[in-house]
Amino acid sequence: MKKIKSENQILIMLAFFSISMGLWENFRQLWLQDNGFSAIDISNIISIGTLISVLGIIFTGKYIKLKNLKAFVTCSLILKFANLLTLLILNNTQNTLLIKTCIIIDVLTGYIITTSIYPLITTIIKNNTIYSKRKLTEYLFKDIGIFIGGLLIGRSILGILVDYNVCLFISIIFLSIAIIFILNMTAGTFIENKEEHKNSMLKYILKNKIQVTYMIYTFIGATAFSTALGLKMLTFTNYFKFTDSSATNYLLIIGLIADGIGILALKYLTPKNDYVTITIKFGIRLLAYTIAFLANNVIVSLIAVTWSILISTSYENICDGYYINFVNNEYQFRYTNFRYVIKYIGDAIGIFLCGIMYEIGLRYMLGLSAIFLALQISLAYYLIYLRKNCKQHICK
C-alpha cells in the first residue's frame, strides 16, 4: 500500500465507503417505510439529522486540526459501523425512538466523513482535477453500491431472501473494508503541522464578494436539488410505480451514465464559455422542471428527473472547483466545513419541503424546485461575471 500515492490511498478508502453509502442510502427510505414510517416522518428525520450534522461539522471545523484529521475520520467510520450494526438489530422491533436516533447518527456520521475527505486530500495535493476526481470517485462507487443492491434485492441466496436489512448488512461489510484501509494508511502522516490563522472563517468569507455569493449559490442549489429529489426512492416506487428492484436498476444505469458524462465533460466536453456550461447544467434542468409542472404528466416528470440526475456530476470543476481551490491551504479545512454547513442547511430545508410537496403532488416538488433553480442560475452567472471582472479576484 506504501507504493500507492497518498492521495490515491484516500480515494481507495473513499471508494469502499461510497459503496457502503450507495447500497444503504438507496434503500434507507424504503427500510424506514417498512418499519412503519410515513414519507413526512422520513423527510423530517433526515432533515433533523442533516441539521444536527451542521452542528457536528461546525464542531469539527473549530476543534479538529489538520494533523488530527485522519484519526478523526477513522473514529467517525468506526462510530458509523457500530451504529449500522445497531440499526440491523433494530429492524422490525417497532422501537421508533431508537431507530430515529440511529438514523440521525447515520446521517451525521455520513456527512462528517464526506466533508473531511477533500481537506485531507488537500494537505497532499490541491487542484481542480483532484477535486473532480474526488467527486467522481464518490459518485461512481456510490453507483456501484446501488448496482450491488439492485442485483441482490429480492433474490434468495443460500436460502436467505435478500431484503433491505440484508442489504444493510452487506453495506456494513464494505464499510468495514474502508475502516481497514484507513487504519493502514500512511497518508495522514504527510500533513504538515501548521498553525491555523486565528481570524474567523466568517470574516474571511465576508471580506470577499465572490465567496459570499458562492455561499448563497451553494445554499440555494442544495435546496433546489433536495426539494425535487430529497425522497428519490419513495418518488420512484410510489409516484413512478417502479418496483424497488427496477427503481434501483434504473437509478444505477442513469447514475453510471452520469458518471461517464462527468468524466467526459471534465476531459473533453467543457465549453470554453462558462456561461454555456452553467446553462447546460442548470438551464435545461430548469426548463424540464417547468414543463413537468405545467404538463402535470408522470412521463414528462420522469424525463425531467432523469435529466437532472444525468447532468448532476458534470462540470464540478466549473461550478465549485474554482471557488474551493482559491482558498489558502491554512483555511481549507475550516472553509470546506463552512461550505458544507451552508450546503447541508440547504439540503435539510429542501428535504423538509420535499416531504410537504410529496404529500401534495409530484408536480409541486418539481415546480418549487424550479423556483429555486431560477435563482441558482442567476447567482451562477453573477459568480462568473465577478471572477472574470474583479481585480485579483477580490471584490470587497
Return yes if a side-chain donor-acceptor contact under 3.5 Å exists between Ser53 and Tyr340, otherwise no.
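No donor-acceptor contact under 3.5 Å links the two side chains.
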If only side-chain N and O atoms count, and only distance matters, is there a donor-acceptor pair under 3.5 Å linking Ser226 with Asp347?
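Result is yes, a qualifying pair exists.
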On the 0 to 90° scale, with breaks at 30° and 60°, tag the [X]-[Y] ring pair as parallel, tilted or perpendicular.
X: Phe16; Y: Phe174; value: parallel
X: Phe242; Y: Phe240; value: perpendicular
X: Trp31; Y: Trp24; value: perpendicular

CD1 on Ile253 to OG1 on Thr306, rounded to 0.5 Å
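Going from the OG1 atom of Thr306 to the CD1 atom of Ile253 covers 11.0 Å.
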Supply the atom-to-atom distance Ile99 CD1 to Ile103 CD1, rounded to the nearest 0.5 angstrom.
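Ile99 atom CD1 to Ile103 atom CD1 measures 7.5 Å (nearest 0.5 Å).
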Between Ser116 and Ile112 (side chain of the first, backbone of the second, donor and acceptor by atom type, cut-off under 3.5 Å), is there such a pair?
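Present.
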Indicate yes or no for a side-chain donor-acceptor contact from Thr223 to the backbone of Phe219 under 3.5 Å, with no hydrogens or angles considered.
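Checked: pair present.
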Identify which one of Val341, Thr114, Ile52 satisfies the side chain to side chain contact (heavy atoms under 4.5 Å, CB included) criterion when paired with Ile57.
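By the side chain to side chain contact (heavy atoms under 4.5 Å, CB included) criterion, Ile57 pairs with just one of Val341, Thr114, Ile52: Val341.
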Does any non-hydrogen side-chain atom of Tyr214 lie less than 4.5 Å from one of Leu379?
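No, side chains not in contact.
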Could you give all pairs that pass the side chain to side chain donor-acceptor pair (under 3.5 Å) test and reach residues 349-371, with sequence neighbours left out?
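Residue pairs with at least one partner in residues 349-371: Asn238-Tyr358.
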Has Phe282 got more than 12 heavy atoms of other residues, nucleotides or ligands less than 6.0 Å from its CZ?
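Check passes, neighbour count above 12.
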